[in-house]
K.L.:
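Just dropping this structure here.
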Number of protein chains: 2
Amino acid sequence: MTTEPAISARSPRRERTRERLLDAAFEVFADQGVQGASIEAVCEAAGFTRGAFYSNFESKEELFLALMDREMRTHLADLERSVAAIDPAALDTPDGFRAALRSVVSGVGPDVPGERQWCVMKLEFELLAMRDPDVAARYTAGQQRQRAELIVVLTRVLDGLGLRFTVDVRTAVDLLLGAYEAGLRAALLGAPGDQHPEALIEVLVDVLTAAAPPR
Amino acid sequence: MTTEPAISARSPRRERTRERLLDAAFEVFADQGVQGASIEAVCEAAGFTRGAFYSNFESKEELFLALMDREMRTHLADLERSVAAIDPAALDTPDGFRAALRSVVSGVGPDVPGERQWCVMKLEFELLAMRDPDVAARYTAGQQRQRAELIVVLTRVLDGLGLRFTVDVRTAVDLLLGAYEAGLRAALLGAPGDQHPEALIEVLVDVLTAAAPPR
DNA sequence: TGTATCGGATACGTTGATGCATCGGATACA
DNA sequence: TGTATCCGATGCATCAACGTATCCGATACA
């Protein structure tokens, strides 16, 4: 999209500083917000000065876009990895089935340490997307890839078990993702009550498979 | 919470400028982001200079908190109003029931013009809450009030119809709110597919009332 | 070992937001 | 109509972030 120096033409050293700047950007953006963070702060966190930054990126916006693309690629890969790691044998028990489903829906399961940052950055992405059509297009494209992957996987898994959701699979995925995100956010904000992602997901799975024909 | 000049001790004139500043803050914050917006920009939008601002608020943060409190109060009032406006007669038909439920869940139904700003500001609130425990406490408190109201209302309505959700009412409310928000955000971001709030809500209602005992 | 190129550091001028100290006009009350 | 008070406007000094132009050291290659 933006003019990238023919990606192959980037020296290894250059590539490493880029990565370090992106890593730092993730931390600093999550901590202070994309708008609130200064380029200087990102550079400092990465152990560089602004000279290095302007040598690698044109602006904070370009840095942000590069970061978002990288994160979405990473999480799609994580999803595919955790899908590949599903143990078909464990699916027979309801608990195993729910666990697999949860780990798949969360994209990467309870990697609890980074959960907060991940959630915050997702909110930042959505917020920026609300204001910039270009960001919105990239963001929704990534979300759609994730959604498509989940649809395929769930269809396959349920077929294998001889089950069916009581609603269209695509709708089921949307509901599952919505419930998971809402629950996660509420939990991270310290909300009381029972709106925690695991609980919501389990209830939802029960409801969505309730009237399904037995194997 | 913060030192407010004994609310009664605010002259009507002063009160009006405060309101105008809050109105402007809503617009500007939604447009440029809380962090991205300058105090100057808010003042300009309100038709004042910074002198007026510093005479009424101590900082941008205090303005933000005042705005968040006001918005949450307003939306709770809207919710109670739309609850009061439910026509019991229309609840008999499935469509009427769903319509009532949707308008109640959305807090104020399809007031479509301001929907985008409302959604953006909610994201801003959540994001700021993620970073500041004080903001988080106020935000979740407001959310819990809304949730409690919905729980009461839905229980009452369903009882009147001789229906029951197939899951705990509190869980049902969480699922409905989650689905609505997720759908709304996706729709506003221009996502393709069927993840639109109305559709999700209707499916969810069907699922949640499917196995309910008939009247 | 000499040299050219690349990558990051340094230094500088510019801009825009901030907070305050002070001023001026309008409103209320005698 | 005169006067006091309140409230918002104006002017100013400060500061942080920005972007660029230039410099220096390291690596690659002859």
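Just so we're on the same page: letters track the sequence lines, and every chain starts at 1.
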K.L.:
Charged N to carboxylate O below 4.0 Å: is that the case for R70(B) and D23(B)?
P.N.:
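Yes, charged N to carboxylate O under 4.0 Å.
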K.L.:
Ignoring backbone atoms, test whether N56(B) places a side-chain nitrogen or oxygen under 4.0 Å from the OP1 or OP2 oxygen of dC7(D).
P.N.:
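Answer no for this pair, as no side-chain N or O of N56(B) is under 4.0 Å from OP1 or OP2.
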K.L.:
Assess, by modelled atom type and distance only, whether the side chains of E27(A) and Q117(A) contain a donor and an acceptor separated by less than 3.5 Å.
P.N.:
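There is such a pair (donor and acceptor under 3.5 Å, judged by atom type) between the side chains of E27(A) and Q117(A).
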K.L.:
From the options E115(B), E71(B), E181(B), select the one residue that forms a salt bridge (charged side-chain N to carboxylate O under 4.0 Å, His left out) with K122(B).
P.N.:
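It is E181(B), the one option of E115(B), E71(B), E181(B) that forms the salt bridge (charged side-chain N to carboxylate O under 4.0 Å, His left out) with K122(B).
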K.L.:
Under the side-chain contact (heavy atoms from CB on, under 4.5 Å) test, which residues partner A37(A), sequence neighbours left out?
P.N.:
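Applying side-chain contact (heavy atoms from CB on, under 4.5 Å) to A37(A) gives V28(A), F29(A), Q32(A).
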K.L.:
If the cut-off is 4.0 Å, is T17(A) near the phosphate of dG8(C), judged by side-chain N/O to OP1 or OP2?
P.N.:
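It does, given that an N or O in the side chain of T17(A) lies less than 4.0 Å from OP1 or OP2 of dG8(C).
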K.L.:
Without decimals, in angstroms, what is the distance between K60(A) NZ and dC18(D) C1'?
P.N.:
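Taking atom C1' of dC18(D) as the reference, NZ of K60(A) is at 11 Å.
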K.L.:
Can you list, by residue number, the residues of residues 40-54 of chain A that have a non-hydrogen atom closer than 4.0 angstrom to DNA chain D?
P.N.:
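Residues of residues 40-54 of chain A that come under 4.0 Å of DNA chain D are, in numerical order, E40(A), R50(A), Y54(A).
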K.L.:
In whole angstrom, give the distance that lies between atom CG of L21(A) and atom C1' of dG8(C).
P.N.:
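Those two atoms, CG and C1', are 11 Å apart.
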K.L.:
Does a nitrogen or oxygen in the side chain of R14(B) sit under 4.0 Å from OP1 or OP2 of dC7(D)?
P.N.:
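Yes, because at least one side-chain N or O of R14(B) sits under 4.0 Å from OP1 or OP2 of dC7(D).
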K.L.:
Identify, with sequence neighbours excluded, every residue that meets ring-ring contact (aromatic ring centres under 6.0 Å, His included) alongside F57(A).
P.N.:
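By the ring-ring contact (aromatic ring centres under 6.0 Å, His included) rule, F57(A) matches F53(A).
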K.L.:
Taking C-beta and beyond as the side chain, do R73(A) and D69(A) meet within less than 4.5 Å on heavy atoms?
P.N.:
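A side-chain contact under 4.5 Å exists here.
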K.L.:
Verify side chain to side chain contact (heavy atoms under 4.5 Å, CB included) between L204(B) and Y180(B), making sure each step is shown before the conclusion.
P.N.:
CA-CA 10 Å; L204(B) 197 46; Y180(B) 178 76; over 6 Å; no
K.L.:
Output the residues of residues 23-30 of chain A in contact with DNA chain C, where contact means a heavy atom of the residue under 4.0 Å from an atom of the strand; sort by number or write none.
P.N.:
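Here the set is empty: none.
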K.L.:
For M72(B), give me all partners under side-chain contact (heavy atoms from CB on, under 4.5 Å), at least two apart in sequence or on another chain.
P.N.:
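Listed in chain order: M68(B), Y139(B), Q143(B).
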K.L.:
Out of dC7(D), dG19(D), dT18(C), which has the shortest distance to the side chain of I39(B)?
P.N.:
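For I39(B), the side-chain atoms sit closest to dT18(C).
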K.L.:
Taking CZ from R16(B) and C1' from dG8(D), how many angstroms apart are they, rounded to a whole number?
P.N.:
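Atom-to-atom, R16(B) to dG8(D), this comes out as 13 Å.
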K.L.:
Give every residue pair that meets the salt bridge (Lys or Arg N to Asp or Glu O under 4.0 Å) criterion with at least one member in residues 145-158 of chain A, sequence neighbours excluded.
P.N.:
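Only R147(A)-D174(A), R147(A)-D194(B) qualify under salt bridge (Lys or Arg N to Asp or Glu O under 4.0 Å).
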K.L.:
May I have the distance from E15(B) (atom CD) to dC6(D) (atom C1'), rounded to whole angstrom?
P.N.:
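That distance rounds to 16 Å.
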K.L.:
Expressed in angstrom and rounded to an integer, what is the separation of F57(B) atom CZ from dG19(C) atom P?
P.N.:
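One finds 14 Å between P of dG19(C) and CZ of F57(B), rounded.
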K.L.:
Check whether any side-chain N or O of S11(B) sits under 4.0 Å from OP1 or OP2 of dC6(D), and answer yes or no.
P.N.:
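No, no such contact exists.
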